[in-house]
Structure formats: structure tokens, C-alpha cells
Amino acid sequence: FGSHTELDHSFKEMEVLFVAPILLASLVCLVCATAACMSYMRLRRTDIELSAMARPTNPKICHVFLPAFAAAATGCIANIFLKVVGELFATHGEMWQIATCLPFLATLGGTQLNYLNKGLRLYMQTVFFPIYSALLMLLNTVFGMIFFR
């Protein structure tokens with residue numbers, strides 16, 4: 001079923017991977033889509049909450065999608081940073097290189113948990129979590145494939 005050996009990437013190799021035009025374009029699209037979801041949720045907060053309370057077992061899927069996508073997108077980027085930190089540990093990267101990633105990880109992880117909790121507060125776990133999990137898996141796969149080629 002294919003090779004199970006992994007290549008270790010140095011900091012310089014990951015810098016080259018990070019500035020690839022396809023990754024930058026993809027990240028810009030992901031960040032813009034995430035910002036749009038977050039902004040829409042902020043502007044329509046009351047309507048979304050009332051709709052969620054009125055239809056707890058059958059909520060509007062577009063409303064469920066918003067916090068799920070925001071959590072999955074920030075989680076995807078955080079997972080890429082976690083992989084980078086793991087690669088730096090594996091290749092004995094310098095501490096300043098690892099420390100550079102930590103503020104991004106903390107911010108992204110906090111944002112992911114915030115939107116995950118918002119989704120779980122508004123919607124039943126059996127409705128929200130499968131959508132969130134599917135989006136997270138899809139985004140991790142696509143962006144991991146783009147980043148690590």
C-alpha cells in the first residue's frame with residue numbers, strides 16, 4: 001500500500017514549501033472564507049440563535065455549517081503548524097524556530113475551540129459534530145496535500 005517512510009523537512013525546506021504560490025493562494029481563499037463565516041455569524045448572531053432554538057433537531061444546515069467551517073478551517077491551519085513543529089523537533093530545529101510557531105498555534109487553537117463550543121452550544125452534538133469532523137478531515141487532507149505536496 002505504498003511507502004511508509006516519511007521525509008523529515010528542515011526549517012529551510014518548510015520555508016520553501018510555505019511560500020509556494022499554490023499554498024499561498026489556497027490559504028488566502030481559506031482565510032477569506034473563514035472571515036466571511038465569522039463576520040456573517042457576528043452580524044446575524046441573534047437570528048442564528050433564535051433559529052437554532054426554534055429548530056433544535058432540524059436546524060438550518062447553512063447555520064450549522066458556519067461555526068463548523070470556522071472551527072475546521074482554524075483547526076486545519078493549526079494542524080499544519082503542529083506538523084511543522086513536529087518536523088522541527090525531528091530535525092533538531094532551533095528553539096527560536098519552534099517558538100515562532102507557538103503564538104500562531106495558541107491563537108488558532110483558541111479560535112478553533114471558540115467556534116467548536118459555539119457550534120455545540122447552538123446545535124445538538126449529533127447534528128453539529130459530524131459536519132465539523134467531515135470539514136476538518138477534508139481541509140486537513142487538502143491543505144496537507146498542498147503544503148507537503
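In what follows, every heavy atom counts, from backbone to side chain, and hydrogens, waters and symmetry copies are set aside.
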Membership question, hydrophobic clusters at under 4.5 Å side-chain separation (ILVMFWY): are Ile80 and Ile22 in the same one? yes

Out of curiosity, Ile77 CD1 to Leu30 CG, how far, rounded to the nearest 0.5 Å? 4.5 Å

With sequence neighbours left out, the residues meeting ring-ring contact (aromatic ring centres under 6.0 Å, His included) with Phe143 are none

For a quick test of reading the model, state the closest non-hydrogen atom pair linking Pro56 to Pro59 and the distance between them. O-CD, 3.9 Å

hydrophobic_cluster_shared for Val142 and Ile131, side chain cutoff 4.5 Å: yes

Between Met124 and Thr57, the two heavy atoms sitting closest are SD-CG2, 4.0 Å

Output the distance between atom CD1 (Ile146) and atom CG (Leu24), rounded to the nearest 0.5 Å. 11.0 Å

d(Cys62 SG, Ile48 CD1) to nearest 0.5 Å is 8.0 Å

Across all chains, not counting sequence neighbours, the salt bridge (charged side-chain N to carboxylate O under 4.0 Å, His left out) partners of Arg55 are none

Listed partners of Glu94 passing side-chain hydrogen bond (donor to acceptor under 3.5 Å, both in side chains), at least two apart: Trp96

Would you mind listing every side-chain hydrogen bond (donor to acceptor under 3.5 Å, both in side chains) that reaches into residues 102-113, with sequence neighbours excluded? Gln112-Tyr132

Hey, which of Asn79, Val84, Val85 is the one that makes side-chain contact (heavy atoms from CB on, under 4.5 Å) with Leu105? Val85

If you measure from the Lys or Arg side-chain nitrogens to the Asp or Glu carboxylate oxygens, is any gap between Glu49 and Arg121 under 4.0 Å? yes

Examine distances only and state if a side-chain atom of Ser39 and a backbone atom of Ala36 form a donor-acceptor pair shorter than 3.5 Å. no

Could you give all pairs that pass the ring pair (Phe, Tyr, Trp, His ring centres under 6.0 Å) test and reach residues 34-81, with sequence neighbours left out? Phe65-Phe69, Phe81-Phe104

Value for OG (Ser133) from CG (Leu138), rounded to nearest 0.5 Å, stands at 12.5 Å

Ignoring hydrogens, what is the shortest heavy-atom contact between Phe128 and Tyr123? Give both atom names and the distance. CB-CB, 4.0 Å

Go through the structure and list residues passing side-chain hydrogen bond (donor to acceptor under 3.5 Å, both in side chains) with Asp47, not counting sequence neighbours. Arg44

Taken to the nearest 0.5 Å, the spacing of Met137 CE from Leu139 CG works out to 11.0 Å

Nearest heavy-atom neighbours spanning Thr34 and Ala70: CG2-CA, 4.1 Å

Before you tell me yes or no, could you show the steps for Thr74 and Met38 under side chain to side chain contact (heavy atoms under 4.5 Å, CB included), namely the whole-Å CA-CA distance, both residues' side-chain angles and the distance that decides it to 0.1 Å? CA-CA 11 Å; Thr74 54; Met38 291 174 177; 4.1 Å; yes

Using every non-hydrogen atom in the two residues, find where Val64 and Pro67 come nearest and quote the distance to one decimal. O-CD, 3.4 Å

Going through the distances and angles, do Met41 and Tyr115 end up as a side chain to side chain contact (heavy atoms under 4.5 Å, CB included)? CA-CA 10 Å; Met41 282 188 289; Tyr115 282 96; 3.1 Å; yes

Once you round to the nearest 0.5 Å, how far does SG of Cys101 lie from CG of Leu88? 6.0 Å

For the backbone of Gly110 and the side chain of Asn114, can you confirm whether one donor and one acceptor N or O come within less than 3.5 Å of each other? no

Transitive ILVMFWY side-chain link Ile61 to Leu136, under 4.5 Å: yes

Which atom of Asn140 lies closest to which atom of Cys76, heavy atoms considered: OD1-CA, 3.2 Å

